[in-house]
Amino acid sequence: MIAKLIAEEIQKKILEAQREGLLPADIKPRFQVEPPKVKEHGDYATNVALSLAGQTRQNPRELASWFAERLAARQDLFEKVEVAGPGFINFFIAPSYWQQVPRFIEKEGPDYGRLDYGKGQKVQVEFVSANPTGPLHIGHGRGAAVGDTLARLLSFAGFKVEKEYYINDVGRQMKILGRSVYLRARELSGEEIDFPEDHYRGEYIREIARQLLKENPDFLKFSEEEALEEAKNFALKIILEGIKKDLKDFGVYYDCWFSEKKLYEEGLVEKALNFLKEKGLLYEKEGAVWFRARDFGDEKDRVVIRASGEPTYFASDIAYHYHKFFVRGYDLVVDIWGADHHGYVPRLKAVIKAFGLSPDRLQVLLIQMVNLLEAGRLKSMSTRAGEFVTLRELLEEVGRDATRFIFLTRRADSPLDFDVELAKKQSRENPVYYVQYAHARLASLFRKAKEAGISKISSEEADLSLLDTPEDFSLLKLLDYFPDTIEACVSKLEPHLLTFYLLDLATALHDYYTKHRFLSEDISRSQARLVLARAVKQVLATGLDLLGVSAPERM
RNA sequence: GCGCCCGUAGCUCAACCGGAUAGAGCGUUGGACUACGAAUCCAGAGGCUGGAGGUUCGAGUCCUCCCGGGCGCACCA
């Protein structure tokens with residue numbers, strides 16, 4: 001948060017410089033305030049002088065001195081402001097600033113870190129949206145963890161968030177699903193079936209067929225057309241129920257399960273295509289209807305209605321996004337897809353542009369694939385063949401906390417090796433316990449404090465100037481940085497930054513633990529440290545909650 | 001062939017819109033519990049950021065080319 005305050009101060013000084021004629025009025029004040037990598041360079045540093053001097057061809061060090069001198073006047077914030085290197089300005093923050101951070105946190109409680117960044121804008125996060133043709137597997141789990149945490153973060157940062165799952169319940173995949181179940185059912189009734197290669201071969205299909213025969217023993221006597229329809233609907237229902245249960249057990253709740261079928265039933269596909277047609281963006285060629293995607297940056301035009309008269313999947317997606325923006329009116333839409341769909345991004349962006357909207361209104365987050373490691377070996381997975389590790393198995397073997405946490409220990413766009421053995425281990429190798437342990441340790445500390453009869457006092461009463469060791473300041477600085485972390489996660493759509501932050505905070509806490517005692521003869525110092533400990537515990541709890549991971553009182 | 005993403009320590013990964021001396025964990029070597037939880041901590045070794053150019057005060061980060069890997073390139077979803 002101090003970074004924000006510094007940036008505000010700098011802004012004021014830029015205006016001052018412009019008034020005094022030191023800087024031209026039309027200058028673009030682009031600069032950063034960030035913690036330097038080297039401790040000797042202070043708590044925060046800014047490149048404002050370098051950036052401005054670059055534009056005006058002034059001497060950066062002279063400009064930096066001008067700023068440094070004036071900024072130093074804020075003695076409540078800065079102990080020292082110095083010019084260094086080619087023209088950086090380094091800030092050494094006043095200890096008294098850091099020491100009052102726990103007061104903020106105590107006052108805000110679970111709301112500490114909450115931002116108004118989103119200003120109440122309506123944002124939709126659509127994620128997982130796996131075809132309902134089989135159980136969710138490990139890759140969907142990653143999408144679920146990233147999407148759900150991102151949604152929580154956006155909401156925490158002041159957006160009005162809705163989470164959505166798009167159900168592809170029409171089209172070819174569905175037909176194949178129905179047929180797969182139908183054929184298995186016939187097989188189960190004793191018929192010999194040559195099961196097609198390109199159908200769903202997983203064991204779960206047999207299971208569904210078995211259930212269907214049990215609930216509706218006569219269904220094979222229907223006409224083939226009716227039986228296929230019945231099998232399809234039944235399978236969809238069962239699979240969707242399973243998906244919903246898996247996600248619920250993973251801690252993921254949706255505001256809306258949106259059916260593709262509904263787009264057709266409500267005439268939205270027609271409506272959206274008409275919208276484009278009226279703008280002259282559709283044309284006919286070789287019996288099909290095409291969308292002028294090229295005009296909007298895609299590499300070629302795309303078919304929306306096949307020569308057969310059937311709409312393509314792309315047509316559904318046009319309608320779906322039409323609905324998102326024009327019917328439901330989201331300010332921002334975040335779609336989370338598997339990275340194998342990346343070629344589809346320009347196509348959909350083209351649609352958004354054709355709608356006359358800024359392409360920034362749609363953000364597509366691509367999630368790289370998950371490789372499963374077993375005993376250090378890559379395990380191959382194939383959905384069609386029914387060989388994969390399901391999210392369900394992962395939840396049962398590894399547990400929700402470790403699974404969610406591990407999925408968020410990488411940037412979404414880098415592939416992730418998921419090592420099941422490691423995830424099950426309850427040791428340092430498994431990062432989730434490291435953070436949870438920090439929380440549990442603090443909980444235990446408060447139990448001990450109570451036993452020792454050290455009364456709990458508020459941060460207002462405590463003498464926080466006693467938080468004066470390097471380890472105190474490490475913790476205080478990290479606590480102060482928490483809201484900045486939230487903002488970074490949201491502005492970059494990178495929830496993994498929160499995971500790394502929590503690991504840093506836990507490290508600082510464990511370090512503190514071995515070097516200092518929270519509870520001692522010195523009652524005022526103990527009380528000050530307990531105030532600090534409470535603040536750390538609060539931030540750990542808030543952070544873990546955003547990740548959807550529990551913050552245990554004991555382990 | 002074209003496009004997108006990625007190459008950072010032995011391994012797995014960070015590095016906030018281009019910032020100063022590239023950081024963690026695992027592994028490895030050696031150390032720290034008769035005091036709040038050792039699921040912890042401390043120290044050592046380990047790097048030409050795949051390669052070559054370029055842009056500039058300054059490049060892991062931006063541009064070009066090359067090498068290596070992943071994924072796409074449907075009137076499939």
Side-chain angles (χ1 to χ4, degrees), chain A residues 3 30-32 34-38 40-41 45-47 50-51 53-54 60 84-88 90 131 133 168 170-174 176 260 285-290 299-300 302-314 316-317 338-346 366 368-369 373 376 409-411 413-417 419 422 425-431 433-434 436-438 440-449 451-452 454 481 484-485 487-489 491-492 494 496-497 500 503-504 506-507 509-520 526 529 533 554-555:
Chain A
R30 278 189 74 243
F31 64 90
Q32 292 144 30
E34 42 187 40
K37 284 176 185 155
V38 195
E40 288 70 42
H41 296 149
T46 180
N47 62 348
L50 288 163
S51 160
F88 288 103
N90 294 337
N131 285 344
T133 52
N168 300 123
V170 291
R172 210 174 127 250
Q173 303 297 325
M174 279 292 107
I176 295 179
E260 183 182 1
K285 192 180 85 181
E286 294 159 5
V289 179
W290 299 68
E299 58 185 41
K300 53 183 171 184
R302 306 291 178 176
V303 170
V304 289
I305 307 281
R306 287 183 267 252
S308 67
E310 276 179 289
T312 61
Y313 176 79
F314 183 47
S316 298
D317 247 356
D340 54 341
H341 288 71
H342 70 259
Y344 203 76
V345 177
L366 298 172
Q368 270 292 352
M369 63 183 298
L373 288 182
T409 54
R410 300 269 184 288
R411 301 167 50 101
D413 60 6
S414 96
L416 181 144
D417 293 334
D419 187 329
L422 190 147
K425 262 192 218 163
Q426 305 203 351
S427 75
R428 178 64 223 253
E429 291 169 76
N430 190 345
Y433 296 108
Y434 188 73
Q436 289 185 317
Y437 179 51
R441 240 182 160 180
L442 288 168
S444 158
L445 173 69
F446 295 121
R447 291 192 290 267
K448 275 277 163 6
E451 281 171 31
I454 296 177
Y481 192 62
D484 304 71
T485 302
E487 183 169 324
C489 288
S491 65
K492 302 174 72 188
E494 290 186 355
H496 76 280
L497 294 173
F500 286 100
L503 286 166
D504 280 348
T507 300
L509 191 268
H510 289 311
D511 182 41
Y512 194 100
Y513 232 95
T514 46
K515 292 207 175 109
H516 304 291
R517 291 189 53 75
F518 282 92
L519 308 176
S520 67
S526 301
R529 288 183 171 174
R554 16 171 80 89
M555 294 169 69

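The chains referred to below are lettered A, B, ... by the order of the sequence lines, with proteins before strands, and numbering in each begins at 1. Scope of the values below: all heavy atoms of this structure, side chains included, with no hydrogens, waters or symmetry mates. None of these values were measured; they are calculated from a predicted model.
At least one donor-acceptor pair closer than 3.5 Å links the side chain of A:Thr507 to the backbone N or O of A:Leu503. Formation of a donor-acceptor pair under 3.5 Å by the A:Ser51 side chain with backbone atoms of A:Asn47 is not found in this model. Proximity of a side-chain donor or acceptor of A:His510 to a complementary backbone N or O of A:Tyr434 within less than 3.5 Å is detected.
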Shorter than 3.5 Å, N or O on both sides, protein versus nucleotides 1-4 of chain B: list them out with atom names.
residue	atom	partner	partner atom	Å
B:rG3	N2	A:His342	NE2	2.5
B:rC4	O2	A:His342	NE2	3.4

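Contact between the side-chain N/O atoms of A:Arg172 and the OP1/OP2 oxygens of B:rA77 is not found at any separation under 4.0 Å. OP1 and OP2 of B:rG37 both lie 4.0 Å or more from every side-chain N or O belonging to A:Arg447. Contact between the side-chain N/O atoms of A:Tyr434 and the OP1/OP2 oxygens of B:rC41 is found at a separation under 4.0 Å. OP1 or OP2 of B:rA74 has not a single side-chain nitrogen or oxygen of A:His341 nearer than 4.0 Å. Dashed line: the shortest gap from a side-chain N or O of A:Ser444 to OP1 or OP2 of B:rG37 is under 4.0 Å. Proximity of A:Arg411 to the phosphate of B:rC5: no side-chain N or O atom is located under 4.0 Å from OP1 or OP2. Between A:Lys515 and the phosphate of B:rC41, there is no side-chain N or O to OP1/OP2 separation shorter than 4.0 Å.
The base of B:rG72 lies outside donor-acceptor range of the side chain of A:Asp340, with no N or O pair under 3.5 Å. Put simply, the side chain of A:Asn90 and the base of B:rA20 share a donor and an acceptor less than 3.5 Å apart.
Rounded to whole Å, the C1' atom of B:rU49 lies 11 Å from the corresponding atom of B:rA15. Separating the C1' atom of B:rU28 from that of B:rC66 is a span of 36 Å, rounded to the nearest Å. Between the C1' atoms of B:rG58 and B:rG3, the separation comes to 32 Å (whole Å). Comparing the P positions of B:rG68 and B:rU56 gives an interatomic distance of 32 Å, to the nearest angstrom. Taking atom C1' in both B:rG44 and B:rA59, one finds a spacing of 31 Å when rounded to whole Å. Between B:rU64 and B:rG72, the two P atoms lie 25 Å apart (nearest whole Å). With both ends at atom C1', the span from B:rC75 to B:rC71 equals 23 Å, rounded to whole Å. Distance noted for atom P between B:rC5 and B:rC42: 38 Å (whole Å).
Within 4.0 Å (heavy atoms only), A:Tyr344 reaches at least one base atom of the nucleic acid. Counting any heavy atom pair closer than 4.0 Å across all strands shown, A:Ala45 reaches a base atom. In this structure, A:Ala438 reaches neither bases nor backbone, as no heavy-atom distance under 4.0 Å exists between it and the strands shown. Residue contacts for A:Phe446: at a heavy-atom cut-off of 4.0 Å it reaches no nucleic acid atom on any strand shown. Residue-level contact check: A:Pro60 touches neither bases nor backbone, having no heavy atom under 4.0 Å from any strand. Counting any heavy atom pair closer than 4.0 Å across all strands shown, A:Ile305 reaches no nucleic acid atom.
Using a 5.5 Å limit on the distance between ring centres and a 30° limit on the angle between planes, the aromatic ring of A:Phe88 counts as stacked on the six-membered base ring of B:rA20.
In this entry the distance linking CG of A:Leu442 with P of B:rU40 reads 15 Å, nearest Å. In this structure, A:Glu451 atom CD and B:rA35 atom P are separated by 16 Å, rounded to whole Å. Atom CZ in A:Phe31 sits about 15 Å away from atom P in B:rC17, given to the nearest Å. The CG-P distance, from A:Leu445 to B:rA38, rounds to 12 Å in whole Å. Rounded to an integer number of Å, the gap from CG of A:Leu503 to P of B:rC26 is 11 Å. Nucleotide B:rC33 holds its P atom 18 Å from the NE2 atom of A:His516, rounded to whole Å. Taking atom OH of residue A:Tyr437 and atom C1' of nucleotide B:rA39, one finds them 6 Å apart after rounding to whole Å. Protein atom CZ of A:Phe500 is 7 Å distant from nucleotide atom P of B:rA15, rounded to whole Å.
A distance of 11.5 Å separates CG of A:Asp484 from CD of A:Glu34, quoted to the nearest 0.5 Å. Summarising the geometry, atom CZ belonging to A:Arg529 is positioned 11.5 Å from atom CD1 belonging to A:Ile454; distances are rounded to the nearest 0.5 Å.
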Q.
Could you go through A:Ile305 and A:Thr312, starting from their C-alpha distance and side-chain angles, then the distance that decides it, and tell me whether this counts as side chain to side chain contact (heavy atoms under 4.5 Å, CB included)?
A. CA-CA 6 Å; A:Ile305 307 281; A:Thr312 61; over 6 Å; no
Q: Using a 3.5 Å limit on both pairing distances, list the dot-bracket string of RNA chain B from the 5' end; Watson-Crick and G-U wobble pairs count, crossing pairs take [ ], interstrand pairs take |.
A: (((((.(..((((.....[...)))).(((((.......))))).....(((((..]....)))))).)))))....
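When the nearest nucleotides of RNA chain B are assigned to A:Lys492 and A:Asp511 by heavy-atom distance, the more 5′-ward of the two goes with A:Lys492. When each of A:Ala339 and A:His510 is assigned the nucleotide of RNA chain B bearing its nearest heavy atom, the one mapping closer to the 5' terminus is A:His510.
With a glycosidic angle no more than 90° from 0, B:rC17 adopts the syn conformation. The glycosidic torsion of B:rC33 lies within 90° of 0, which places this base in the syn conformation.
Across every non-hydrogen atom of A:Ala307 and A:Ala288, the tightest pair is N-CB, 3.9 Å.
In this pair, A:Phe314 and A:Tyr344 present their aromatic rings perpendicular. The plane angle is above 60°, beyond the 30 to 60° band.
For A:Phe500, the ring-ring contact (aromatic ring centres under 6.0 Å, His included) test picks out A:His496, with sequence neighbours left out.
At a cut-off of 3.5 Å, with distance as the only test, no side-chain donor of A:Thr133 or A:Gln173 sits close to an acceptor on the other residue.
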